[in-house]
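Have a look at the structure below, then the notes.
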Amino acid sequence: MFDIRRIIGGLFVVYGVIVTIAGFTASDADIDKAEGVNINLWTGVGMLLLGLFFLAWLKLRPAAPPPPGEEETVE
């Protein structure tokens, strides 16, 4: 069964890790460009939280399988 929450959650977690690492390694010049806010760090943490939310949602409320007899048949 195909569930888009797995794809969305996985991609957000992967990209969140990458952006968070970029936030940890940001130079002072990069932080000064963003008015003193480490935007990569905050965006990465937000992406991680959103990805983990999607994966937790998938785990707690899995998609119901289709009822028997309603499967599409190819003629």
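In this chain, numbering begins with 1 at the start of the sequence shown.
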Residues sharing [X]'s hydrophobic cluster, by side-chain heavy-atom contacts under 4.5 Å among ILVMFWY, directly or via others?
X     : result
Leu60 : none
Ile39 : none
Val37 : Trp42
Leu58 : none

Review point. About how many Å separate CD1 of Ile31 and CG of Leu41, when rounded to the nearest 0.5 Å?
Key: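 Reported to 0.5 Å precision, the distance equals 8.5 Å.
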Check your understanding: When rounded to the nearest 0.5 angstrom, what is the spacing between CZ in Phe53 and CG in Leu48?
Key ->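 Atom-to-atom, Phe53:CZ and Leu48:CG are 15.0 Å apart.
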Exercise for review: Quick one: list whatever passes side-chain hydrogen bond (donor to acceptor under 3.5 Å, both in side chains) with Asn38, sequence neighbours left out.
Suggested key: none
Point to revise | Set of residues satisfying side-chain hydrogen bond (donor to acceptor under 3.5 Å, both in side chains) with respect to Ser27, sequence neighbours excluded | key: Asp30
**Study point:** side-chain hydrogen bond (donor to acceptor under 3.5 Å, both in side chains) pairs, two or more places apart, involving residues 48-67
**Key:** none
Let me have the donor-acceptor pairs involving side chains of residues 7-23, under 3.5 Å, with sequence neighbours excluded, atom names and distances please.
{"from": "Thr20", "atom 1": "OG1", "to": "Gly16", "atom 2": "O", "distance (Å)": "2.6"}
{"from": "Thr20", "atom 1": "OG1", "to": "Gly44", "atom 2": "O", "distance (Å)": "3.4"}

**Study point:** Whether over 12 other heavy atoms sit under 6.0 Å from Asp32 CG
**Key:**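 Enclosed: over 12 neighbouring heavy atoms sit under 6.0 Å from CG of Asp32.
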